Each structure stands twice: as C-alpha cells, then as structure tokens.
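Being a predicted model, the structure only gives us computed values, none of them experimental.
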Protein chains: 2
Amino acid sequence: MTTRWLTPEEQRAWRAYIGAVLLVEDALDRQLQQEAGMPHMYYSILSTLSESPERRLRMTDLAERLKITRSRLTYAVTRLEKDGLVRREDCRWDKRGSVAALTDEGMRVLERAAPGHVETVRSLLFDRLSPEQVGQLEEIFTAVGEGFQGDSAHATADEVPWRRRSSKSCS
Amino acid sequence: MTTRWLTPEEQRAWRAYIGAVLLVEDALDRQLQQEAGMPHMYYSILSTLSESPERRLRMTDLAERLKITRSRLTYAVTRLEKDGLVRREDCRWDKRGSVAALTDEGMRVLERAAPGHVETVRSLLFDRLSPEQVGQLEEIFTAVGEGFQGDSAHATADEVPWRRRSSKSCS
DNA sequence: GGGGCTTGGTTCAAGTTTGAAACAAAACTA
DNA sequence: TAGTTTTGTTTCAAACTTGAACCAAGCCCC
C-alpha cells in the first residue's frame with residue numbers, strides 16, 4: 001500500500017508536539033540538575049519509590065512503571081546508590097531478585113526537590129493550558145499510551161497479569 | 001508562597017503525558033534505528049535540511065529549528081558526515097560559519113526511510129486520535145512551545161529577529 | 001587600528017543510554 | 001530429576017548528550 005503521508009493538520013500537530021516535548025524535557029532536566037543534581041528520570045525513580053508500599057520496588061517492576069529498560073534502570077540505581085539515595089536489597093522470595101529501596105536521605109532529597117519541580121511543571125505546561133485542555137491532554141496521551149499494551153519492547157504477548165509474579169514489594 | 005501542587009486532573013494528565021511520550025520516542029528511535037540506522041534526531045536533521053533552500057542550513061540555524069544545542073548538533077553532523085549523508089561547507093559570508101548540506105546519498109537515505117517513519121508516527125499517534133484531538137494536540141503544544149520565546153537556553157533576551165544575521169542559507 | 005565584547009562553532013571530559021551478551025536462579029518438561 | 005527454557009538482573013562496549021572551556025572571526029567604539 002502506498003504511504004499515507006501526514007495531512008497538513010497532522011503535520012502541524014506533529015511539529016508542535018515534537019518541538020515542545022523536547023523543550024519541556026530539557027527544561028525539566030536542567031531545573032532538576034540545578035536543584036537536585038540529577039536528571040528528570042532519576043527524580044522519577046525516587047518519586048515512584050516514595051509512593052510504593054514500604055518505599056521499595058523490585059527492579060523489574062520499577063522499570064516497567066517508568067517505561068525504561070532494565071539496563072537503564074540498573075545504571076541509574078547504581079548511581080543513586082552511590083549517592084546514598086537508594087539502597088539495593090535482596091529479594092527474600094526470589095534469589096534472582098533485587099529490590100530498590102528509597103533511603104531516608106533519598107526521601108529528604110526528594111521532598112526538598114519536589115516544590116521546585118512541580119512549580120516548573122506548572123509553568124511549562126499547566127499554566128499555559130485551560131482546564132479543558134488539561135482534560136484533552138489526559139485523554140490524548142492515555143489513548144496513545146494504550147497503544148503499547150502487549151506490543152511494547154518490555155512486555156511480551158503471553159505476559160498476562162495473572163501469570164506475573166506478585167508485583168507488590170517483597171520486603 | 002506555598003507550593004501549588006498538581007490537582008488530581010493535572011496529575012493524571014501529567015502521568016499519561018510522561019509515560020506516553022517516553023514510549024513514543026523509544027518506538028520512533030527503534031524503528032528508525034532498524035530501518036535507517038540512526039536515531040530520530042538524526043533523521044530530523046536530514047529531514048530539516050531536505051526542506052531548506054538548496055538543502056543546506058547554517059549550523060546555528062539548524063540547531064535552533066531542531067531545538068538542540070550546537071554542541072549536540074556538531075556531534076551529530078560529524079557522524080552523518082562520516083556516513084556521507086551530510087557535507088560541511090564553509091560559509092562565504094562569514095568565515096566563522098559552517099553550513100550543513102544534505103548530500104544526494106543523504107537524500108536517498110531520507111526518502112527510503114520516510115515511508116516507514118510516517119507509518120510509525122501514524123500508528124503510534126494519529127491512528128489513535130480523532131480529528132478533533134489532532135487539532136487539540138496542535139493547540140496544546142503550540143501553546144506550550146510559545147512559553148519558550150526568549151527565555152530558552154538557546155535564545156537570550158536581546159536576541160531579537162532584526163538583529164540576527166540572515167537565517168537563509170548562505171550558499 | 002587596537003582593545004574588548006559578542007557570535008559561530010568545535011572540543012573535551014564526564015555522564016547517560018543502548019542493545020547485546022553473560023549469568024544465575026526459577027520454572028517447566030519429559 | 002536431569003535437561004531445557006524462561007526470567008531477573010547485571011555487565012560491557014559503543015553511541016549519544018551535556019555543559020563548560022576554548023578558539024577564531026565579526027563587531028563596536030574610542
């Protein structure tokens with residue numbers, strides 16, 4: 001079949017999207033690098049851990065939530081561990097497993113960084129959008145995200161929920 | 001002033017956005033790496049050059065359009081030049097200047113990769129959105145992008161249009 | 001026309017990401 | 001239960017990004 005090129009409307013939307021996303025991510029990274037000495041993804045790791053039961057999560061679960069590869073996560077956690085913000089623990093139930101746990105120091109750093117981060121997110125994004133647009137944003141990206149169920153690089157077809165090991169913390 | 005935390009709606013939108021954007025970029029990178037042997041940004045460089053007069057652009061102009069640092073662009077162009085897809089030329093009007101020019105080979109590679117890329121963009125994004133949502137997407141990210149006029153890391157306050165050198169190709 | 005500031009671009013080191021390969025522990029299976 | 005496959009994680013090298021430092025050429029202004 002012959003290529004379905006983008007319509008003018010789609011092209012405008014795509015360009016606006018591509019450009020703005022880049023700027024937002026750069027701004028976020030810069031702000032967090034300044035105020036917390038880490039890129040946005042590392043902040044997200046801390047943040048995700050902080051919201052998990054007992055502030056810990058298995059590596060694979062953490063990677064899945066953040067939508068990054070295990071390899072990338074391993075590197076990041078190693079760095080955060082060096083900084084004393086995260087601690088690696090063995091998983092009691094599965095000797096292969098490794099659990100990342102947020103330390104008290106990590107929690108403090110996170111709490112200190114959070115206000116500035118939220119303020120940045122606001123000023124970059126939400127301050128520029130109407131309430132309706134916020135709703136539209138959610139709907140659009142929820143739809144886009146759903147396109148990755150079962151065909152992502154991180155989840156194979158037979159990886160159905162009831163066959164996965166407990167994704168609760170195995171503390 | 002006390003932190004204005006995100007409302008539940010904003011939080012949902014933010015999470016959907018963060019997750020989906022990551023997945024989209026990864027998918028784009030993977031697809032292009034497979035079919036064209038380069039990441040998305042490198043494809044964008046070729047694409048931008050192909051649409052410019054005489055298929056060439058000064059480094060700074062190119063960096064500005066792509067919203068990346070000059071440093072990053074220098075690295076990328078060096079690689080693309082090694083692959084024979086881009087050629088660096090001296091700018092006649094400004095001896096400091098360097099011009100990136102798309103080679104015929106670069107044009108061929110771009111044309112070969114374009115259909116698959118567009119198909120991917122479609123399947124990731126536009127196939128999942130209604131026409132209204134495409135319009136909303138454009139409006140949202142146009143608004144977000146406009147937040148970066150004059151305060152980005154790449155443009156300083158006094159960098160007003162009429163003081164900038166011609167941004168046309170100086171071929 | 002000789003400072004001194006700005007601009008265009010590259011370089012360098014340090015940090016991060018990628019994908020494939022390596023391993024070890026678990027889970028199947030015959 | 002031995003053999004095979006799968007799963008959880010790390011390791012490694014190569015690629016990419018970042019930001020600061022650098023250099024050269026234009027610009028300004030006395």
Side-chain angles (χ1 to χ4, degrees), chain A residues 22 25-30 32-34 37-43 45 57-64 66-83 88-100 153-159 163-167 170, chain B residues 22 25-30 32-34 37-43 45 57-64 66-83 88-100 153-159 163-167 170:
Chain A
L22 218 96
E25 297 202 334
D26 281 2
L28 242 34
D29 274 341
R30 239 175 297 121
L32 280 168
Q33 194 68 53
Q34 294 259 323
M38 67 184 77
H40 182 210
M41 180 55 69
Y42 289 44
Y43 176 91
I45 292 175
L57 226 37
R58 285 190 61 162
M59 295 294 280
T60 295
D61 294 325
L62 188 47
E64 226 161 70
L66 295 168
K67 282 127 174 51
I68 62 178
T69 61
R70 299 188 196 73
S71 169
R72 184 175 178 182
L73 181 61
T74 292
Y75 180 92
V77 165
T78 302
R79 196 264 231 198
L80 290 171
E81 199 172 21
K82 257 175 209 132
D83 294 348
R88 251 188 260 252
E89 300 173 352
D90 289 336
C91 178
R92 318 185 176 155
W93 308 346
D94 184 342
K95 273 173 201 154
R96 294 168 300 182
S98 192
V99 175
H154 309 310
T156 53
D158 54 328
E159 196 178 28
R163 273 183 61 80
R164 305 212 63 243
R165 78 243 167 300
S166 155
S167 75
C170 62
Chain B
L22 245 176
E25 297 201 336
D26 281 2
L28 241 36
D29 274 342
R30 239 174 296 121
L32 280 168
Q33 194 67 56
Q34 294 258 323
M38 68 184 76
H40 184 210
M41 180 54 69
Y42 288 44
Y43 176 91
I45 292 174
L57 227 37
R58 286 192 60 163
M59 293 295 280
T60 295
D61 294 326
L62 188 47
E64 227 161 68
L66 295 169
K67 283 124 175 50
I68 62 178
T69 62
R70 299 192 196 73
S71 170
R72 183 175 179 182
L73 181 61
T74 293
Y75 180 91
V77 166
T78 301
R79 196 267 231 193
L80 290 171
E81 199 172 20
K82 257 177 209 130
D83 294 348
R88 249 188 262 251
E89 298 173 352
D90 289 336
C91 177
R92 317 183 175 155
W93 306 346
D94 185 342
K95 274 173 200 152
R96 294 167 301 181
S98 191
V99 175
H154 309 310
T156 53
D158 55 329
E159 195 178 27
R163 273 184 62 78
R164 303 212 64 243
R165 81 235 163 302
S166 153
S167 72
C170 62

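Taking atom OH of residue A:Tyr75 and atom P of nucleotide C:dT16, one finds them 5 Å apart after rounding to whole Å. Between the CG atom of A:Asp94 and the C1' atom of D:dT6 there is a distance of 12 Å, given to the nearest Å. We find that CG of B:Asp90 is positioned 11 Å from P of D:dA25, with the value rounded to whole Å. Residue A:Glu89 contributes atom CD, which lies 16 Å from atom C1' of D:dT9 at whole-angstrom precision. Rounded to whole Å, atom P of C:dG15 lies 14 Å from atom CG of A:Leu80. When rounded to the nearest whole Å, the span between CG of A:Asp61 and C1' of D:dG8 equals 11 Å. Note: CZ (A:Arg70) to P (D:dG8) measures 7 Å, nearest angstrom. The separation between A:Glu25 atom CD and D:dT18 atom P is 10 Å, rounded to whole Å.
Considering only side-chain N and O atoms, B:Arg79 lies under 4.0 angstrom from the phosphate OP1 or OP2 of D:dC16. One finds no side-chain N or O of B:Arg30 lying less than 4.0 angstrom from the OP1 or OP2 phosphate oxygen of C:dT18. Distances shorter than 4.0 Å separate some side-chain N or O of B:Tyr42 from OP1 or OP2 on D:dT17. Taking side-chain N and O atoms only, A:Arg96 has no distance below 4.0 Å to OP1 or OP2 of C:dA27.
Residue B:Arg88 places its side chain closer to C:dT10 than to any other of C:dG9, C:dT10, D:dT9. Among D:dT10, C:dT10, C:dT16, the nucleotide with an atom closest to any side-chain atom of B:Met59 is C:dT10. With D:dT18, C:dT16, C:dG9 as the choices, the nucleotide that has an atom nearest any side-chain atom of A:Asp26 turns out to be D:dT18.
B:Ser71 contributes a side-chain N or O that forms a donor-acceptor pair with the base of C:dT11 under 3.5 Å. At a cut-off of 3.5 angstrom, counting only N and O atoms as typed in the model, there is no donor on one side facing an acceptor on the other between the side-chain of A:Arg72 and the base of C:dT17.
Residues B:Ala100 and B:Leu62 share a closest heavy-atom pair of CB-CD2, 4.1 Å.
Nearest-nucleotide mapping onto DNA chain D: of A:Gly97 and A:Gln33, the residue sitting toward the 5' end is A:Gly97. Each of B:Gln34 and A:Ala76 lies near DNA chain C, and the nucleotide nearest A:Ala76 is the one positioned closer to the 5' end.
A:Thr74 comes within 4.0 angstrom of a nucleotide base, judged by non-hydrogen atoms across all strands.
Counting heavy atoms from C-beta outward, B:Leu73 and B:Ile45 have side chains that approach closer than 4.5 Å. You'll find the side chain of A:Met41 reaches within 4.5 Å of the side chain of B:Leu22, heavy atoms only.
Salt-bridge formation is detected for the pair B:Asp94/B:Arg58: a Lys NZ or Arg NE/NH1/NH2 atom is positioned less than 4.0 Å from an Asp or Glu carboxylate oxygen.
For the pairing with A:Arg88, the side chain to side chain contact (heavy atoms under 4.5 Å, CB included) check across A:Val99, A:Thr78, A:Leu80 returns one residue only, A:Thr78.
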